[in-house]
There are 2 protein chains.
Amino acid sequence: MPKLGAEPIRKAALINAAIDQVGSAGTLDVTVAQIARAAGVSPALAHHYFGSKDQIFLAAMRHIMSNFGESVLLGLPGTSGRRRLAVIVSASFGAPNFRHEVVSAWLNFYALSLVNDEAARLLKVYHRRLRSNLIVALRPVSDRPEAVAETLGALIDGVYLRAALSHAPTNGFAAVRMVNDYLDEVLT
Amino acid sequence: MPKLGAEPIRKAALINAAIDQVGSAGTLDVTVAQIARAAGVSPALAHHYFGSKDQIFLAAMRHIMSNFGESVLLGLPGTSGRRRLAVIVSASFGAPNFRHEVVSAWLNFYALSLVNDEAARLLKVYHRRLRSNLIVALRPVSDRPEAVAETLGALIDGVYLRAALSHAPTNGFAAVRMVNDYLDEVLT
DNA sequence: TCTTTAATTGACCACTCAATCAACAAACCG
DNA sequence: CGGTTTGTTGATTGAGTGGTCAATTAAAGA
């Protein structure tokens, strides 16, 4: 009997290893061998399951994005008005999504999306969803939800960027405070 | 001796070629040979003048940064109050500094600075200078200049990021409007 | 049959090196 | 002195070299 059901376990291990290695190295120039070693498998297996190095990293980013989506979905029900915004903001800067390796992976993903079509598509979908979530949440509390959503989106990206660049440990609280300050200022 | 004084000309050509190639390819993974060809010289000469591929790109970023500094210095004298802020914002999103290749080079520079100490130092200096400029300009018009400078800096970075990611041509006007809207909202 | 690996390959690229080229000036000459 | 030669040196390049790594292959292990 073959070790049945190994695939999802190996894949998950490789995805986590990829986030970890890329995030802590700060670059996509980690070798497949490094990622595989960190996941406890051989480089060939990584290719077997994902087909290419790019696909490993794209799967990792999909994983990060779906984590974020879950955080939001988990917090939203039963909230309304200004609270809904706070939920999205908190999810953005909450512990699992705002770890240093993750933020660093995001930065590299941004750069990759200039070059890799699939990354660009993925990012576009993510941005659209975030924007739409923000607009819906803003509609009851702002008289120009689209414009604020745009600015808010840019601000969140900027805070992520600066968190990635900072050598200090990420500070979710400060980030949340900054963004909420902006919202308090701008909301009618 | 050969044509004397070739060095600064070649260096400038290489720097421009580097911005162009890296910016339009969207990645640092352009070969030295590509950059050299675009500058009309041999790869060996590029190494002769700059020592390494990284140094070529770092010189290119220094050039971009000093362009930005000049834009600011050119606009500041004789202005005060809210106007000073507008000058810095305009310089950020003005034609020479907000071209698509330049913005794209910035994104790659951010990613590089996670890995390359010299890039990190350079970026730190730049950020500190920008922050200090912003605080000085904010002091007369805001009751919490540091906090606003932080947010404003993040917002500008975010707008840059989104401009880099967008395939559409960069729109300096829209960027300036967004940032100025924020300022109008937040200033007392 | 599904999973896993060791071993290998093939391509690519940063960087080096030895050699050539071209311009200027000092030395030399008639 | 005008002209010619020659030494010096910055500028420039073609042709490697060494090393890296993604991806493939073939075969073992469960």
Side-chain angles (χ1 to χ4, degrees), chain A residues 1-22 24-61 105 108-109 111-112 115-119, chain B residues 1-22 24-61 105 108-109 111-112 115-119:
Chain A
M1 289 278 281
K3 252 195 292 186
L4 277 191
E7 174 163 344
I9 295 170
R10 297 307 199 187
K11 276 194 166 182
L14 281 164
I15 283 173
N16 285 326
I19 296 171
D20 220 63
Q21 296 295 308
V22 170
S24 66
T27 171
L28 292 180
D29 288 346
V30 291
T31 68
V32 173
Q34 272 172 53
I35 295 172
R37 194 177 329 121
V41 301
S42 76
L45 191 64
H47 277 101
H48 174 66
Y49 280 132
F50 288 98
S52 77
K53 179 182 174 174
D54 278 356
Q55 289 303 321
I56 300 174
F57 183 61
L58 289 176
M61 289 310 302
N108 281 284
F109 179 62
L112 179 66
V115 156
N116 182 305
D117 284 352
E118 198 168 345
Chain B
M1 297 221 244
K3 274 184 296 181
L4 274 201
E7 176 164 343
I9 295 170
R10 296 310 196 190
K11 278 193 163 182
L14 282 164
I15 283 173
N16 285 325
I19 296 171
D20 220 64
Q21 297 294 308
V22 169
S24 67
T27 171
L28 291 180
D29 288 347
V30 293
T31 66
V32 173
Q34 273 172 52
I35 295 171
R37 196 177 328 123
V41 301
S42 73
L45 191 64
H47 277 101
H48 174 67
Y49 280 133
F50 287 98
S52 78
K53 181 181 174 176
D54 278 356
Q55 289 302 321
I56 300 174
F57 184 60
L58 288 176
M61 289 309 303
N108 281 284
F109 179 62
L112 179 65
V115 157
N116 181 305
D117 284 352
E118 198 167 344

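Reminder, nothing fancy here: chain letters follow the sequence lines and each chain counts from 1. Given the structure is predicted, the values throughout are model-derived calculations rather than measurements.
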Find the distance [X]:[atom1] to [N]:[atom2] and express it as a whole number of Å.
{"X": "B:Gln55", "N": "C:dC15", "atom1": "CD", "atom2": "C1'", "result": "14 Å"}
{"X": "A:Leu45", "N": "D:dG29", "atom1": "CG", "atom2": "C1'", "result": "14 Å"}
{"X": "A:Asp29", "N": "C:dA14", "atom1": "CG", "atom2": "P", "result": "12 Å"}
{"X": "A:Tyr49", "N": "C:dC2", "atom1": "OH", "atom2": "P", "result": "11 Å"}
{"X": "A:Arg37", "N": "C:dT5", "atom1": "CZ", "atom2": "C1'", "result": "15 Å"}
{"X": "B:Leu14", "N": "D:dT12", "atom1": "CG", "atom2": "P", "result": "10 Å"}
{"X": "B:Leu28", "N": "C:dA14", "atom1": "CG", "atom2": "P", "result": "11 Å"}
{"X": "A:Ile35", "N": "D:dA22", "atom1": "CD1", "atom2": "C1'", "result": "12 Å"}

All heavy atoms of B:Ile35 vs all of B:Val30, minimum pair found to be CD1-CG2, 3.9 Å
For A:Thr27 and A:Asn108, work out which heavy atoms get closest and say how close. CA-OD1, 3.5 Å
Which one, [options], comes nearest to the side chain of [X]?
{"X": "B:Thr31", "options": "D:dT13, C:dT3, C:dA14", "result": "C:dA14"}
{"X": "B:His48", "options": "D:dT12, D:dA22, C:dC15", "result": "D:dT12"}
{"X": "B:His47", "options": "C:dC13, D:dA22, C:dT16", "result": "C:dT16"}
{"X": "A:Ala44", "options": "C:dT4, D:dA23, C:dT5", "result": "C:dT5"}

Full working for side chain to side chain contact (heavy atoms under 4.5 Å, CB included) between B:Leu45 and B:Arg10: CA-CA 9 Å; B:Leu45 191 64; B:Arg10 296 310 196 190; 4.3 Å; yes
Do any side-chain nitrogens or oxygens of B:Arg10 fall under 4.0 Å of OP1 or OP2 in D:dG10? no
Test side chain to side chain contact (heavy atoms under 4.5 Å, CB included) on B:Tyr49 and B:Gln55; report intermediate values, then the result. CA-CA 10 Å; B:Tyr49 280 133; B:Gln55 289 302 321; over 6 Å; no
